[in-house]
S.K.: 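Can you keep this structure in mind? I'll have questions shortly.
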Amino acid sequence: MNFMKKYFLNNDLYNAFIKYYFVLISVIGIFFVFMITPVSGIDEQFHFDRALQVSQGDLLPQHRGRFLLGGDLNARLIRYAQYFEGRRDQRLSSDRTVAASLAHDLGQGPSGSTSVEFSSTASYSPIMYLPAGFGLLLGRLVHAPVDTQFFMGRLGNLLGFLASLAVVLRVLPWGRLGVLALFSTPTCLHLAAAYSADPLTNTLTLLFVACCLRFASMAQLGRRERVTLVFLGATLGLLKLTCCVFSLAVFLLPRSLFSSWRQWGVFCGTVVGASCLTTVLWNGSYPFVPSVYWNTGGNPHVAAHLVLTQPLHVVGLIAEAFHEGSQWWWLDVYGRFGGGPEPQFFKVGANSALLTLLCIALIGLCERKGPSRPLVGGMLAAIAIANVALILLAFYVGFTPVGSSIITGVQGRYFLLAAGLTYLGAISLLPAWRDRSQVGVVLLVMCGLLTLRVSVAALGIYSANWH
């Protein structure tokens, strides 16, 4: 026991395990950056277009018609990406030698721009694309070859994700090990190593919740903390439409931090109001209407009318979607790779996903924490449930074909934030106990080994598709 106290109950070693874990996922992420076939990540083609637009300084997309958005993008990079798009859509592997020759020829040819329509991601705010956009910009500034520029953008996205996740863990007062394991699954690393808005969306949202939990334990709430919460709350509205619901976490702040109930209510209302305001302003200017972009057969006006006139019917559809989706959403969060047809789309690691889920649940029983906080746990769980319901409702209105018996288009990764809040809420409900962090770090190592195993398997498949 003295050995355990000396080596495993030490704060420095506890933090060292987290650092070692970051080294592991960083290495995996870097391999993904260069091994994932270009524009074959999850929805990467459209995210790449938006990141490229942001890197050019065009933060606001151009209107190309009703609900259609796009912009004028660097012709060289678009032409480079089109080679891989064509091979992907034909279900063919891509040749590194051919791609390198194409990149060289494009670099020798004239520069210019080409008009591209990418409404599905052009409607997103530029915030989630800043790291990838910076990588692309840096590549152009140093006159890197076209293919190098592409991978520099991916690398920027990965580094932005890792840095923001590190800040989240730094701010979180408890629950760090489980959050780290949950938000660094192979699929999360796959998304971060490609052009995707999800990684930064998740970490920025988590940062707001982490700040609320951290500030709730302070003796007083200073000006800096108040400005931080208002700023991050407003930022939530510039992420995905469904992220504004997480602004309700500001109500975790106790009344004792304010001079009166009125001051508490005004401040919390200001944070939530700032989030709702930015949500309405951005989405009112650049609405996200996937049924129009992808011709899914959905009709937002009809669906919205049914929500108002037949709410029980819609609730039934949500319940059915959750019943069917819950059977595979868990693997979609953990072991889904690629965004095109096979072989560029595949899922691996079902057993590893279940073992990781078990490890995370056991980590929750070992996390360092104070006394039980039923109110905090209940509020976090309520926000998670509200987020899930809002996502399903959004896909019913904006995506699902009219007359469908189930809500379509939903993917498991959309519920990752809700899972994170559920985890934090669950451990906050547990009673206080002696420190078991020595067991928690061992379980985290097991999660890392499982992540490594699945990632290596995925990299092997990509090596056959991109050789």
Side-chain angles (χ1 to χ4, degrees), residues 18-45 47-48 51 80-81 84 87-88 93-97 99-100 103 131-132 134-136 138-139 144-166 180-196 198-200 202-203 331 333-340 343-349 352-353 356 413 444-467:
I18 294 179
K19 293 177 182 177
Y20 296 149
Y21 197 90
F22 261 89
V23 172
L24 173 65
I25 62 176
S26 298
V27 171
I28 293 173
I30 290 172
F31 271 97
F32 274 142
V33 165
F34 296 101
M35 293 296 291
I36 299 172
T37 313
V39 296
S40 293
I42 300 175
D43 298 330
E44 186 176 26
Q45 173 186 347
H47 289 296
F48 167 67
Y80 178 75
F84 297 98
R87 304 292 291 182
R88 180 200 64 199
S93 60
S94 300
D95 190 297
R96 287 184 180 271
T97 303
F134 179 77
L136 286 166
L138 182 61
V146 173
D147 49 357
T148 302
Q149 292 181 36
F150 179 88
F151 291 114
M152 287 181 69
R154 275 185 171 179
L155 189 60
N157 203 42
L158 174 65
L159 294 177
F161 164 72
L162 293 172
S164 55
L165 181 59
L180 177 56
L182 186 60
F183 285 84
S184 62
T185 65
T187 294
C188 288
L189 297 179
H190 167 76
L191 287 164
Y195 287 90
S196 174
D198 285 0
L200 211 61
N202 291 338
T203 53
L331 182 56
V333 173
Y334 188 87
R336 173 185 174 172
F337 299 88
Q344 297 290 356
F345 168 80
F346 55 92
K347 293 184 179 182
V348 293
S352 295
T356 299
R413 60 193 173 94
L444 180 66
V445 170
M446 292 179 63
C447 290
L449 293 176
L450 291 169
T451 295
L452 179 62
R453 176 180 178 273
V454 174
S455 298
V456 169
L459 287 168
I461 296 174
Y462 273 119
S463 67
N465 295 333
W466 171 222
H467 54 79

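Computed from a predicted model, the values in this text were never measured in an experiment.
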S.K.: When C447 is tested against each of L182, T356, T185, L180 for side-chain contact (heavy atoms from CB on, under 4.5 Å), which residue passes?
M.R.: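 Going through the options one by one, the only one that passes is T356.
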
S.K.: Excluding sequence neighbours, so at least two apart, what forms side chain to side chain contact (heavy atoms under 4.5 Å, CB included) with V333?
M.R.: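 Here the qualifying residues are L416.
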
S.K.: Quick one: does N465's side chain have a donor or acceptor within less than 3.5 Å of a partner on S94's backbone?
M.R.: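 Not a single qualifying donor-acceptor pair exists.
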
S.K.: Applying side-chain hydrogen bond (donor to acceptor under 3.5 Å, both in side chains), can you list everything that pairs with D43, at least two apart in sequence or on another chain?
M.R.: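 For D43, the residues satisfying side-chain hydrogen bond (donor to acceptor under 3.5 Å, both in side chains) (neighbours in sequence not counted) are R413.
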
S.K.: Looking only at side-chain N and O atoms, does Q344 offer a donor or acceptor that is under 3.5 Å from a partner on R87?
M.R.: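 Note: R87 and Q344 side chains miss the donor-acceptor criterion.
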
S.K.: Excluding sequence neighbours, so at least two apart, what forms side chain to side chain contact (heavy atoms under 4.5 Å, CB included) with A144?
M.R.: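 In terms of side chain to side chain contact (heavy atoms under 4.5 Å, CB included), with neighbours along the sequence ignored, A144 is linked to V142, T148, Q149, M152.
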
S.K.: With L191 as reference, evaluate D198, N202, L158 under the side-chain contact (heavy atoms from CB on, under 4.5 Å) test and give the passing residue.
M.R.: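 One option only clears the test, and that one is D198.
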
S.K.: Between F337 and F32, how do the two ring planes meet: parallel, tilted or perpendicular, split at 30° and 60°?
M.R.: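 Rings of F337 and F32: tilted, as their planes differ by 30° to 60°.
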
S.K.: Counting neighbours of CZ on F31 that are heavy atoms of other residues, nucleotides or ligands and sit closer than 6.0 Å, is the number greater than 12?
M.R.: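 Counting neighbours around CZ of F31, 12 or fewer heavy atoms of other residues, nucleotides or ligands fall under 6.0 Å, so no.
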
S.K.: Could you check whether atom CE of M446 has more than 12 heavy atoms from other residues, nucleotides or ligands sitting under 6.0 Å from it?
M.R.: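 Check fails, neighbour count at 12 or below.
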
S.K.: Start with the C-alpha distance between Y462 and F346, add both sets of side-chain angles, then the distance that settles ring pair (Phe, Tyr, Trp, His ring centres under 6.0 Å), and finish with yes or no.
M.R.: CA-CA 10 Å; Y462 273 119; F346 55 92; 5.3 Å; yes

S.K.: Answer with yes or no whether the side chains of R88 and T37 bring together a donor and an acceptor at under 3.5 Å.
M.R.: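 The criterion, which ignores hydrogens and geometry beyond distance, is not satisfied for R88 and T37.
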
S.K.: Would you name the heavy atoms of H47 and Y195 that are closest together and state the gap between them?
M.R.: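 Reported closest heavy-atom pair: CB-O, 2.8 Å.
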
